[in-house]
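So the structure is just underneath, and the comments pick up after that.
Quick note: numbers below take in every heavy atom, side chains included, and nothing from hydrogens, waters or symmetry partners.
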Amino acid sequence: MIESSIENLFTEINNSNEYKEYINIVNILKENKEVNNLIEEIKTLEKKATKLEYEKNKKYIEIDKQIEEKTKVLNSNKEYQEYLSKLKAFNNTLLASSSLLDEYIEEKVSI
């Protein structure tokens, strides 16, 4: 019974508009080379900056500025902004579902 209820919850989540919209924008972003390149550049620079900072090399400060500039460009992209919005909406759906599960478990195990 519990297993089927959990499966029903996951089915409801998968059928939710928030999930469908999130998946749609993820697929759109996968095709956006500009966004993907920026994300990869930022990740690479972050690794480099972390290593330099760990080595106490002050050059990481310059790289942090590059990261900041590239992040501004990324955040100004309309598709990426939509992605962040859809991600937030979907996370809220997951949070609400998690709260329902928590309440259910609390109700069943409390004395």
Side-chain angles (χ1 to χ4, degrees):
M1 179 177 159
I2 292 175
E3 187 174 324
S4 66
S5 295
I6 292 172
E7 286 178 17
N8 288 340
L9 176 61
F10 283 117
T11 299
E12 289 295 320
I13 291 170
N14 285 336
N15 290 329
S16 70
N17 285 336
E18 293 83 2
Y19 179 72
K20 290 176 183 176
E21 290 174 356
Y22 170 73
I23 292 300
N24 185 46
I25 192 64
V26 165
N27 289 331
I28 290 170
L29 275 185
K30 284 181 182 178
E31 302 298 319
N32 188 320
K33 293 193 184 310
E34 178 188 355
V35 168
N36 287 309
N37 288 340
L38 277 170
I39 290 171
E40 286 305 313
E41 287 175 27
I42 291 168
K43 285 180 181 179
T44 300
L45 289 170
E46 286 174 335
K47 289 177 186 176
K48 187 174 182 180
T50 300
K51 183 180 180 204
L52 289 170
E53 187 174 10
Y54 176 78
E55 295 170 348
K56 301 193 185 325
N57 185 330
K58 298 289 183 185
K59 289 182 182 178
Y60 79 88
I61 295 170
E62 183 179 316
I63 293 174
D64 281 346
K65 289 178 186 175
Q66 292 174 16
I67 293 168
E68 187 176 323
E69 290 171 15
K70 291 186 182 294
T71 300
K72 284 180 185 177
V73 172
L74 179 62
N75 287 330
S76 70
N77 182 287
K78 289 183 181 182
E79 287 178 346
Y80 189 73
Q81 288 174 353
E82 185 177 352
Y83 163 77
L84 293 176
S85 174
K86 300 302 181 190
L87 176 62
K88 183 177 181 181
F90 181 56
N91 280 338
N92 287 338
T93 298
L94 292 176
L95 182 60
S97 299
S98 177
S99 295
L100 287 173
L101 280 172
D102 288 346
E103 289 172 14
Y104 177 80
I105 291 169
E106 182 67 29
E107 179 182 309
K108 294 299 178 186
V109 297
S110 65
I111 299 176

TODO: Step by step, work out the side chain to side chain contact (heavy atoms under 4.5 Å, CB included) result for Lys88 and Asn92.
DONE: CA-CA 6 Å; Lys88 183 177 181 181; Asn92 287 338; 4.2 Å; yes

Open item on the list: Parallel, tilted or perpendicular, judged at 30° and 60°: which one describes the rings of Tyr19 and Phe90?
Closed with: tilted

Open item on the list: Keeping Thr11 on the side-chain end and Glu7 on the backbone end, is there a donor-acceptor pair under 3.5 Å?
Closed with: yes

TODO: Report yes or no: does Asn24 contribute a side-chain atom to a donor-acceptor pair with the main-chain N or O of Lys20 at less than 3.5 Å?
DONE: no

Task: Spacing of CG belonging to Leu38 relative to NZ belonging to Lys72, to within rounding of 0.5 Å - done: 14.0 Å

TODO: Could you pull out the closest heavy-atom pair between Glu79 and Asn32, with the gap in Å?
DONE: OE1-ND2, 2.5 Å

TODO: Can you measure from NZ (Lys47) to CD1 (Ile63) and round to the nearest 0.5 angstrom?
DONE: 14.0 Å

Task: Which atom of Leu29 lies closest to which atom of Asn36, heavy atoms considered - done: O-ND2, 3.0 Å

Task: 4.5 Å side-chain heavy-atom contact, Asn77 and Glu34 - done: yes

TODO: Measure the CD-OG distance between Glu21 and Ser16 for me, rounded to the nearest 0.5 Å.
DONE: 8.5 Å

Task: Reported OG-to-CG distance for the pair Ser98 and Leu9, which is rounded to 0.5 angstrom - done: 9.5 Å

Open item on the list: What's the separation between atom OG1 in Thr44 and atom CD1 in Ile39, rounded to the nearest 0.5 Å?
Closed with: 12.0 Å

Open item on the list: Using 0.5 Å steps for rounding, measure from the CG atom of Asn17 to the NZ atom of Lys86.
Closed with: 9.5 Å

- [ ] With sequence neighbours left out, write down each residue that passes side-chain hydrogen bond (donor to acceptor under 3.5 Å, both in side chains) with Asn75, or none if nothing qualifies.
- [x] none

- [ ] State which residue, out of Lys59, Gln66, Lys65, fulfils the side chain to side chain contact (heavy atoms under 4.5 Å, CB included) condition with Glu62.
- [x] Gln66

- [ ] For side chain to side chain contact (heavy atoms under 4.5 Å, CB included), just list the numbers for Asn37 and Glu40, CA-CA rounded to whole Å, side-chain angles, deciding distance to a tenth of an Å, and then say yes or no.
- [x] CA-CA 5 Å; Asn37 288 340; Glu40 286 305 313; 5.7 Å; no

Open item on the list: Does any part of the side chain of Ile67, heavy atoms only, come nearer than 4.5 Å to the side chain of Asp64, both counted from C-beta?
Closed with: yes

Task: Heavy-atom donor-acceptor pair, Ser97 side chain to Thr93 backbone, under 3.5 Å - done: yes

